[in-house]
Number of protein chains: 2
Amino acid sequence: MRALHADTGYLLYRLGLRSGQLFNSFLQESGLRLRHYAVLRLLATTPGALQRELSASLGYDPSAIVGLVDDLEKLGFAERRPSPDDRRSRIIVLTDGGRAFLRDTDEAGQRVTNELVGPLDATEREQLHALLQRVAESGLA
Amino acid sequence: MRALHADTGYLLYRLGLRSGQLFNSFLQESGLRLRHYAVLRLLATTPGALQRELSASLGYDPSAIVGLVDDLEKLGFAERRPSPDDRRSRIIVLTDGGRAFLRDTDEAGQRVTNELVGPLDATEREQLHALLQRVAESGLA
DNA sequence: GAACAATAATTGTCGACGTCAATAGTTGTT
DNA sequence: AACAACTATTGACGTCGACAATTATTGTTC
């Protein structure tokens, strides 16, 4: 019988958990959680996104986006704006406060990833990232 | 601002989720879930383990082990046996039924991993596995 | 050897997460 | 004008992972 840790899928599952925990503990003081942070980061690179687009890009259920955007609005990190061509949709935009938050936490965020891939050198990290990216792209997205 | 998917930590988190989902859907018909399967697989390679050891090896809270072993006992896949030298401990052993289950599902389990790392060829899969293993070992055993 | 700390399993609680079903408002189609 | 499709929202449910507290047992210390 193959050992459990010989299974790439199980390793991914375990490391995914650890990664999420590290991110959440880094975000703890700010009152946000990993999912909020993901939304913010995504908004930073796509100026104005419909909630439906956030849902598709992040893989979160549309109903989950609602609460996340609620929280971000309360903190002044994002805003809902009416869509000009479709009154069903809302356009979510990053506010200056949100942008500042991302700037201030960027370094700490990088520390998290560094801690995760600690034992790997620079080229190995790139290898790992490239492999993960290809795996991630295949399963939809 | 770096894109979200440029973050190795986030990729790991996402792929970990997907991996867990795939495993769970593969196990669905058997009534087990990923964590039960992990216990079974671990028991298959270590003949007789204390619950405390299962907890340490798998990274699950001791309180989580209780329910998992309960379920496995109900299905006849594992048994609790009294420890001869410490009446607090129980030794968990795989039954013949559990062994048969692992044998029967082994192929399907491999399909899950194959589906996950689909776009990678054989050498790339080994590369990925080796990198993940080193990352996994660093953050504690 | 009696009091005390440490340990193994257990129970209960809690928040976060992911999924699904249902609804209201709006748009597109026939 | 009637109907189907879509967007955001609300609500419910089960799983998962982390923690505190309890019970039974063992080890340690005075």
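Side chains are part of it too, since the values below use all heavy atoms of this structure and drop only hydrogens, waters and symmetry mates. Predicted model, so just to flag it, every value in this text is computed and none were measured. Reminder, nothing fancy here: chain letters follow the sequence lines and each chain counts from 1.
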Note: contacts of residues 21-34 of chain A with DNA chain C (heavy atom, under 4.0 Å) are A:Arg33
d(CD1, B:Ile65; P, C:dT7) in whole Å | 18 Å
Which other residues end up in the same hydrophobic cluster as B:Leu50, if Ile, Leu, Val, Met, Phe, Trp and Tyr are linked when side-chain heavy atoms come under 4.5 Å apart?
-> B:Ile91, B:Val93
Rounded distance in Å - CD (A:Gln51) to P (D:dC6) = 18 Å
Got a sec, which residues hit side-chain contact (heavy atoms from CB on, under 4.5 Å) with A:Asp96, two or more places apart in sequence or on another chain?
-> A:Arg99
Value in whole Å for how far the C1' atom of D:dA8 lies from CG of A:Leu54 | 12 Å
Which pairs count as ring-ring contact (aromatic ring centres under 6.0 Å, His included) when at least one residue sits in residues 105-138 of chain B, sequence neighbours excluded?
-> none
Does the ring center of A:Phe26 lie less than 6.0 Å from the ring center of A:Tyr37?
-> yes
OP1 or OP2 of C:dT10 sitting under 4.0 Å from any side-chain N/O of B:Arg80?
-> yes
Comparing A:Arg14 with A:Val66, nearest DNA chain D nucleotide closer to 5' gives the residue A:Val66
Summary of side-chain hydrogen bond (donor to acceptor under 3.5 Å, both in side chains) pairs that have at least one residue in residues 50-68 of chain A, sequence neighbours excluded | A:Gln51-A:Arg80, A:Asp61-A:Ser63
With the threshold set at 4.0 Å, does a side-chain nitrogen-carboxylate oxygen contact exist between B:Arg111 and B:Glu115?
-> no
Close residues, residues 82-91 of chain B, relative to DNA chain D [heavy-atom separation under 4.0 Å] | B:Asp86, B:Arg87, B:Arg88
Testing C:dA9, C:dG12, D:dC16 for proximity to the side chain of B:Leu50, the answer is C:dA9
What is the distance from CG of A:Asp61 to P of D:dC13, rounded to the nearest Å?
-> 17 Å
Atom CZ of A:Arg52 and atom P of D:dT9: how far apart are they, to the nearest Å?
-> 15 Å
Taking the side chain as every heavy atom from C-beta outward, state whether B:Asp106 and B:Leu102 have any atom pair closer than 4.5 Å.
-> no
Do A:Asp71 and A:Leu32 have side-chain heavy atoms sitting under 4.5 Å apart?
-> no
Just checking, any donor-acceptor pair under 3.5 angstrom between side chains of B:Asn114 and B:Gln110?
-> no
How would you label the contact of A:Leu17 with the nucleic acid (heavy atoms, under 4.0 Å): base, sugar-phosphate, or nothing?
-> sugar-phosphate
In whole angstrom, give the distance that lies between atom CZ of B:Arg18 and atom P of C:dT19.
-> 12 Å
